[in-house]
Amino acid sequence: MEKSIIYQLIALLVNNIGAMGSGIGFGYMGPYGHTIMQELGVAEDLHSWLVGSVSIGGLVGCFISGQLADRIGRKRATAVYFCFTTLGWLLVTFSCSSQAVFCGRLLHGLGEGMAVVISIIYLGELTQEKYRGGAIASLTISACFGIALSYILGVFLSWRVSGGLIALLNFGSLLCLTALPESPLWLALNDKSKQAVEALEKIRTIPDVSEIENARSVATFKDESSAAPTSLSLTTIISTVIPPLLLFLFPICGVYSIAFFAIRLVESMNIGQPAAVAIAVGLMRTLGSAFGMGFVQTFGRRKSLILSAGITTMFLVSLFILLLGKSKNFPIPENVFNWTMVVLLLVSMFSSSLGMAPVPWILAGEWPAFRHKGTVGTVGTSLFYISVFLASQITGLLQQALGLPGMFLVFAINSAVYLGIVLLFVPETH
């Protein structure tokens, strides 16, 4: 096997573990939340904050990651976030108080938020162009699988053992990172041409120095376009506002609420085998993300969003109707209710992953003018993490105030709003 392929496989492995870590961080409190609270004496009203603390850290990570990667390089920035995640998970593993576990969650959340941004940049710049799309798309699949993996670990291992294994996984990735070169594009942009050529020779079967020249051209264009006056038009407004807005709306459409509280929600619905259902929900979302790559390529951005949001809204409305009927004591056979609920939960997770989850990230990269892409990406990622935090907070409040039927009705309304914005403002991207 060519050495260049080995380097790219290591890059794929390291960055996917970083992405998977963000999913594990989101899902970890699902199987372990109540056990941790009981052992450490955490008050019940702090449960949602324990779940959401990882999103607070992630939000900070999003803000600092882009600048850090530009200043110190992609490889060093990756090392920094693996240090944060490793230390954070070690703190969770050896926590003896509620303060320690909160600090651990914030710390590994900080690293995982950085990983979301940096892994896309670093992997994209190390991977050959013909493999780049699939490599970057694999990060989304890994993040989704991380949520399912946290529930799988919850079936077999205690929360401390799981936390220790996750810390070891991150530390092992940090060690593997030492074998990788710095991004040749970053080196070229920072006037380190000799090191850039050496890095390029490691990761390309046939090194193409024109990549470095292209990077210089992009840098020059960026400087010139940044200095040019910005004309405010409807197209500019739509291209800079709609992608971050869709990224904000998606987590509060119910997908992350189900991911965070799968076991608790399934128990509230009186469905048997809640852990198995939670794992199936996570794996179905992973499968949906995998199919989503081909789905978007086949149907395009707009149609994928419409089909995904429309079908998801329909399934969420069906969940509302079924739960409402059960709460009104309609004569629904127990087996029929259980299986219908499980199927609806699974297909709603699958359908939402086909377009609603991946396409806003694609639009954030395709729509804005070059000079606006960095800002749109940062704002979009930040709004996404804010929304994920809100999802962790509102789930319990909605369930208490409106009951399970009302909660799923709110999720369906949010999904319908998402669909309406797509129908009104999202043209096809060519």
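Not measured: the values here are computed from a predicted model. Count residues from 1 along the sequence.
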Could you go step by step and tell me if Ser119 and Asn15 meet the side chain to side chain donor-acceptor pair (under 3.5 Å) rule? CA-CA 5 Å; Ser119 60; Asn15 286 281; 4.9 Å; no
State, with a plain yes or no, whether a side-chain heavy atom of Phe250 is found less than 4.5 Å away from one of Val255. yes
Return the orientation label for the Phe295 and Phe299 ring planes: parallel under 30°, perpendicular over 60°, tilted otherwise. tilted
Are the side chain of Lys75 and the backbone of Leu180 linked by a donor-acceptor contact shorter than 3.5 Å? yes
Could you check whether any side-chain N or O of Arg105 sits under 3.5 Å from a backbone N or O of Val51, counting only pairs where one atom can act as donor and the other as acceptor? yes
Donor-acceptor contact present, side-chain Ser95 to main-chain Val92, <3.5 Å: yes
Ser142 and Asn16 side chains, donor-acceptor separation under 3.5 Å: yes
Quick check: do Phe84 and His108 have side-chain heavy atoms less than 4.5 Å from each other? no
Would you please classify the geometry between the Tyr385 ring and the Phe26 ring as parallel, tilted or perpendicular, with 30° and 60° separating the classes? tilted
Using every non-hydrogen atom in the two residues, find where Gly163 and Thr93 come nearest and quote the distance to one decimal. C-OG1, 3.0 Å
Below 6.0 angstrom between ring centroids: does that apply to Phe389 and Trp49? yes
Heavy-atom side-chain proximity of Ser257 to Met407 below 4.5 angstrom: no
How would you list, by chain and number, every residue that makes a side chain to side chain contact (heavy atoms under 4.5 Å, CB included) with Phe63, sequence neighbours excluded? Leu59, Thr378, Ser382
Are Phe171 and Trp89 close enough that their ring centres sit under 6.0 Å apart? no
Does any part of the side chain of Tyr81, heavy atoms only, come nearer than 4.5 Å to the side chain of Leu110, both counted from C-beta? no
All heavy atoms of Ala412 vs all of Thr313, minimum pair found to be O-CG2, 3.7 Å
Would you say the side chain of Val101 lies within less than 4.5 Å of the side chain of Ile36, judging by non-hydrogen atoms? yes
Would a distance-only check, ignoring hydrogens and angles, find a side-chain to backbone donor-acceptor pair under 3.5 Å from Tyr418 to Leu246? no
How about Leu383 and Leu247: do any of their side-chain heavy atoms sit closer than 4.5 Å? no
Would you check if there is a donor-acceptor pair between the side chains of Ser348 and Thr312 at a distance under 3.5 Å? no
When you compare the side chains of Ser183 and Tyr122, does any donor N or O come within less than 3.5 Å of an acceptor on the partner? no
Do Val54 and Leu106 come within less than 4.5 Å of each other through their side chains, counting heavy atoms only? no
Assert yes or no for the condition that the ring centre distance of Trp361 to Phe384 is strictly below 6.0 Å. yes
Tell me whether Ser289 contacts the main-chain N or O of Ile141 through its side chain, where contact means a donor paired with an acceptor under 3.5 Å. no
Quick one: do His34 and Gln38 satisfy side chain to side chain donor-acceptor pair (under 3.5 Å)? Show the steps, please. CA-CA 6 Å; His34 286 293; Gln38 289 173 0; 5.7 Å; no
